[in-house]
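Following: one structure in structure tokens, then a few remarks.
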Amino acid sequence: MAHDRQTVCIYYVAAGQCKKGREASHSHYCQRCDKYMPRARVRHENQKKKKLEKIREREIRET
């Protein structure tokens, strides 16, 4: 999972602290834990698609 698309777990408190008593490493935000529940359902934009569309629009304007 990309770094900018990580959604923090409900039980995540801080680096190494989890309310469920699991190991909560800051780099993974507990997402490998079977008790993982995201704090919010966030729709992440497809950054690759967005950038490609921008490039295509620029190419169309130039021609």
Side-chain angles (χ1 to χ4, degrees):
M1 182 176 288
H3 177 71
D4 58 335
R5 296 186 184 196
Q6 292 180 344
T7 306
V8 182
C9 180
I10 292 173
Y11 307 112
Y12 180 82
V13 179
Q17 296 177 351
C18 178
K19 291 180 183 178
K20 292 288 185 173
R22 296 285 180 105
E23 181 183 335
S25 64
H26 188 69
S27 61
H28 299 292
Y29 291 109
C30 308
Q31 291 187 12
R32 296 185 181 176
C33 175
D34 59 345
K35 298 179 183 180
Y36 170 75
M37 291 183 64
R39 285 190 187 170
R41 288 284 184 196
V42 180
R43 177 157 169 79
H44 301 288
E45 292 183 4
N46 187 337
Q47 296 294 323
K48 182 177 178 181
K49 183 178 179 182
K50 188 176 178 181
K51 289 179 183 179
L52 286 173
E53 285 177 356
K54 190 175 180 180
I55 291 169
R56 287 185 187 125
E57 286 177 14
R58 207 176 311 148
E59 289 175 349
I60 291 171
R61 280 188 249 140
E62 290 176 359
T63 56

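Note that the coordinates shown come from a computational prediction; the quantities given were computed from them, not determined experimentally.
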* To do: Please name all residues satisfying side chain to side chain contact (heavy atoms under 4.5 Å, CB included) with Lys51, sequence neighbours left out, ordered by chain then number.
  => none

* If you round to the nearest 0.5 Å, how far is CG of Leu52 from CG of Asn46? -> 8.5 Å

* salt bridge (Lys or Arg N to Asp or Glu O under 4.0 Å) partners for Lys50, two or more places apart -> Glu45

* **Partners passing side chain to side chain contact (heavy atoms under 4.5 Å, CB included) against Arg58 (at least two apart in sequence or in another chain)** => Lys54, Glu62

* Please report the shortest heavy-atom distance between Lys19 and Ile10, naming the atom on each side. => NZ-O, 4.4 Å

